[in-house]
Amino acid sequence: MTFAAHSVLTAAFAEGFELAGLTPARPHPDHTRHLSWVSRGLAAGMFYLTDYRATLRSDPRLIFPEAETLLCVGKLYKTPGPAGYTETPPGHGYVSRYAWGEADYHDLLGSALHRVAARLRAEFRSEFPYRVAVDTAPLLERSYARSAGLGWIGKNTCLINEPRGSWFFLGELFLPFPVSDYGTPPPDRCGSCTRCIDACPTAAIVEGPEGWELESNRCISYWTIEARQQAPPDLQRAFGPHLFGCDICQDVCPWNSKAPTTSEKGFQPRHPFPPLEPLSPSEFRDRFRHTPITRAKAEGWNRNVQTALKNQAE
Ligand code: B12
Ligand code: SF4
Ligand code: SF4
C-alpha cells in the first residue's frame with residue numbers, strides 16, 4: 001500500500017518541524033564518499049564512524065529492515081541572543097549555539113518524531129512498525145536530508161536551506177511503506193563563496209578527491225566535544241575561547257545572515273558563556289544534566305577550560 005506524501009509531511013509540520021521531506025530508504029551514492037573519508041583517516045578518533053557502523057551506513061534497511069521511506073526533518077535552533085563567540089566576555093568561554101539551551105536535541109526531536117508516528121498510525125489506522133533516529137543511528141543524515149529536498153551540502157559540510165540557513169538539527173522517521181511522491185535535492189548555492197574556508201581558524205575544511213570535506217583532526221568541534229585526549233599545542237592556540245563545539249564556519253555563512261530564530265523553550269540560551277573554572281564531576285553533572293554538553297564529560301570540559309584560560313592569558 002502507498003500512502004500520501006502530503007499526509008506524512010503535514011504530520012511533521014504539525015509537530016513543530018520547520019523542514020520536512022521524503023526520500024526512499026535505499027542505499028545512498030554518498031556512501032562511497034564516507035568510506036573514502038574514513039579510509040584517509042579524516043574521522044580522527046571517532047571509532048563509531050570507522051568500525052562496523054561504516055558499513056551499516058550503506059543502507060537504512062540494515063538498521064530497520066522494514067524501511068521503505070525516510071521522513072527527514074529539520075528543527076531550527078537559532079535563538080535571539082548573543083551574536084556568537086566574538087562576544088565572549090573576559091574570564092568566560094564559548095559554548096556553540098546548538099548546546100546553549102537546557103534541552104538535549106536528541107530528546108526533543110526524538111519525542112516529536114514519535115508523536116508524528118502516532119499521528120500517522122491514527123490516520124492510517126495501522127499499528128505499523130517504525131524507527132526514530134536523531135544523530136543516534138549509523139545513517140548519512142545530511143545526504144538523505146539533501147535527497148529529501150531539505151537543503152544542499154555546503155563547503156563547510158553543513159546542510160543549508162534556502163532561505164533558512166543551517167542552524168537546524170536533523171532527524172528521521174523510518175517508515176515501512178512507500179509514499180506517493182519523494183523530494184528532490186535543491187541546487188548547490190555556495191557558488192564561488194569561500195568564507196567558511198577562509199574563516200576556519202584551524203584550516204579544517206580541506207579539498208579532497210571529490211570536493212570540500214572536513215578534516216576532523218583539525219576541527220575545534222572534534223577536539224572540544226569528541227576527543228578524549230589533548231589537541232596538539234599549536235592547534236590549541238587557535239581554539240581561542242571555545243569550550244564546546246565551534247560555530248565559526250556557520251557564523252560567517254551568508255545564508256545564515258537572515259536565519260530565522262526559534263521560540264522553542266528548550267533551546268533558549270542558558271549558558272552560552274560559562275565562566276572559565278574547572279568543575280568536579282558532580283558539579284559538571286548538575287550544571288549540564290540533560291544538555292548535549294555532557295558528551296564532553298567533566299574531564300574533557302576541564303581540559304577545554306584549561307586551553308581557553310591559556311589562550312586568554314596569551
Ligand atoms: C561525526 C559528526 C561530527 C564530526 C564530524 C563532522 C563532519 N563534517 O563530518 C564533528 C565532531 C567534527 C561534528 C561537528 C559538528 N556537527 Co556533527 N555530526 C556528526 C555525525 C554524527 C556524523 C557525520 C558524518 O558521518 N561525517 C562523515 C562525513 C563524511 O559525512 P557527512 O558530513 O554526512 O558528509 C557526507 C555528505 O556531506 C556528502 N556530500 C554529498 N555531496 C556533498 C557536497 C559537498 C560540497 C560536500 C562538502 C559534501 C557532500 O558526502 C559525505 C558522505 O556521505 C552527524 C549525524 C549523522 N549521523 O549524520 C552529526 C551532524 C552532521 N552534526 C551536526 C552539527 C549541528 C554539528 C556542529 C554544527 C556542532 C558544533 N557547533 O560544533 C559541527 C559542525 C562542523 C562542520 N562544519 O561539519 C548536525 C548537522 C546539521 C546540519 N544542518 O548540517 C548533524 C546532522 C547532527 C544532527 N542530527 O543534527 N560533527
Ligand atoms: S567547526 Fe570550526 S574548526 Fe571545525 S571546520 Fe568549522 S570553523 Fe573550522
Ligand atoms: S560560507 Fe560560503 S562556501 Fe561556505 S557554506 Fe556558506 S555559502 Fe557555502
Side-chain angles (χ1 to χ4, degrees), residues 19 28-38 40 42-46 48-50 53-54 57-58 72-77 85 94-100 105-106 109 133-147 150-162 164-172 185 188-208 210-227 235 238-240 242 244-257 292 295:
L19 304 173
H28 200 290
D30 285 355
H31 187 238
T32 53
R33 281 178 87 126
H34 185 86
L35 293 180
S36 156
W37 184 79
V38 160
R40 286 176 288 117
L42 301 190
M46 292 178 284
Y48 60 89
L49 296 176
T50 59
R53 283 167 281 193
R57 283 178 163 76
S58 65
C72 298
V73 293
K75 175 95 188 142
L76 300 177
Y77 63 84
Y85 75 101
Y94 180 68
V95 163
S96 63
R97 206 180 267 290
Y98 88 101
W100 283 358
Y105 66 96
H106 301 98
L109 272 75
V134 182
D135 208 355
T136 45
L139 184 75
L140 301 175
E141 289 193 301
R142 287 163 161 170
S143 297
Y144 283 103
R146 173 178 171 269
S147 300
L150 268 58
W152 76 96
I153 295 167
K155 290 175 192 164
N156 61 8
T157 78
C158 292
L159 192 80
I160 309 175
N161 174 272
E162 181 185 7
R164 293 186 179 86
S166 64
W167 304 115
F168 57 86
F169 297 115
L170 293 176
E172 303 77 27
D188 181 324
R189 297 235 180 261
C190 281
S192 58
C193 174
T194 56
R195 283 200 209 179
C196 52
I197 299 159
D198 304 339
C200 174
T202 55
I205 303 171
V206 295
E207 194 143 26
E210 288 186 82
W212 296 98
E213 53 190 9
L214 192 96
E215 187 173 337
S216 307
N217 275 311
R218 299 197 63 81
C219 179
I220 299 172
S221 180
Y222 167 71
W223 284 108
T224 54
I225 300 174
E226 299 285 324
L235 214 53
F239 290 7
H242 286 90
F244 185 82
C246 171
D247 288 336
I248 295 175
C249 56
Q250 294 186 88
D251 268 333
V252 298
C253 180
W255 292 102
N256 278 332
S257 62
R295 179 138 184 108

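Just so it is clear, the structure is predicted and the values come from calculations on it, not from any experiment. In each ligand, atom 1 is the first atom listed, and ligand 1 is the first ligand listed.
When hydrogens are left out, the protein atom nearest atom 18 (N) of ligand 1 is Asp135 OD1, 4.6 Å; that is the closest non-hydrogen contact. Residue, atom and distance of the protein heavy atom nearest to atom 6 (Fe) of ligand 2 are Cys249 SG, 2.4 Å. Nearest protein neighbour of atom 2 (Fe) of ligand 2, counting heavy atoms only, is Cys246 SG, 2.3 Å. At the top of the distance list for atom 32 (O) of ligand 1, counting protein heavy atoms only, stands Arg142 NH1, 2.9 Å. The protein heavy-atom contact nearest to atom 30 (O) of ligand 1 is His34 ND1, 4.1 Å. Of the protein's non-hydrogen atoms, Asp30 OD2, 3.4 Å is the one closest to atom 38 (C) of ligand 1.
For atom 7 (C) of ligand 1, a protein non-hydrogen atom is found at a distance below 4.0 Å. In this structure, atom 67 (C) of ligand 1 has no protein heavy-atom contact shorter than 4.0 Å.
Relative ring orientation between Phe169 and Tyr105 is described as parallel, the plane-to-plane angle staying below 30° on a 0-90° scale split at 30° and 60°. Note: Trp37 and His34 have tilted aromatic rings, judged against thresholds of 30 and 60 degrees for the angle between ring planes.
Of all atoms in ligand 2, numbered sequentially from 1 with element shown, those under 4.0 Å from a heavy atom of Ile248 are 7 (S).
By heavy-atom distance, the residue among Gly245, Cys158, Cys200 lying nearest atom 8 (Fe) of ligand 2 is Cys200. Looking at Asp251, Leu170, Asn161 and measuring to atom 88 (C) of ligand 1, the nearest heavy atom belongs to Leu170. Taking each of Ile205, Ile220, Ile197, Val206 in turn, the one with a heavy atom nearest to atom 3 (S) of ligand 2 proves to be Ile220. Distances from atom 53 (O) of ligand 1 to the heavy atoms of Gly171, Ser143, Cys249 put Ser143 nearest.
Neither the backbone nor the side chain of Trp167 comes within contact range of ligand 1; no heavy atom lies under 4.0 Å. Within the 4.0 Å heavy-atom criterion, the part of Asp247 lying near ligand 1 is the side chain and not the backbone. Contacts with ligand 2 closer than 4.0 Å are made by side-chain heavy atoms of Leu214 only, the backbone lying farther away. Looking at Trp223 against ligand 1, nothing comes within 4.0 Å, counting heavy atoms. With a heavy-atom cut-off of 4.0 Å, Leu159 touches ligand 1 through backbone and side chain alike. Of all the heavy atoms of Thr202, the ones lying under 4.0 Å from any atom of ligand 2 belong exclusively to the side chain. Only the side chain of Gln250 comes within contact range of ligand 1, with a heavy atom under 4.0 Å; no backbone atom does.
The shortest N/O to N/O separation between Asn156 and ligand 1 falls below 3.5 Å. Checking only distances, Tyr105 never comes within under 3.5 Å of ligand 1, N or O to N or O.
Partners of Glu141 by salt bridge (Lys or Arg N to Asp or Glu O under 4.0 Å), not counting sequence neighbours: none found. Listed by chain and residue number, Asp198 satisfy the side chain to side chain donor-acceptor pair (under 3.5 Å) test with Thr194 (two or more places apart in sequence, or in another chain). By the side chain to side chain donor-acceptor pair (under 3.5 Å) test, Asn161 is found to be paired with no residue, residues two or more places apart in sequence or in another chain being considered.
The minimum heavy-atom distance linking Ser166 with Tyr77 is given by the pair O-OH, 4.5 Å.
Around atom 8 (Fe) of ligand 3, protein atoms of type N, O or S found under 2.8 Å number 1.
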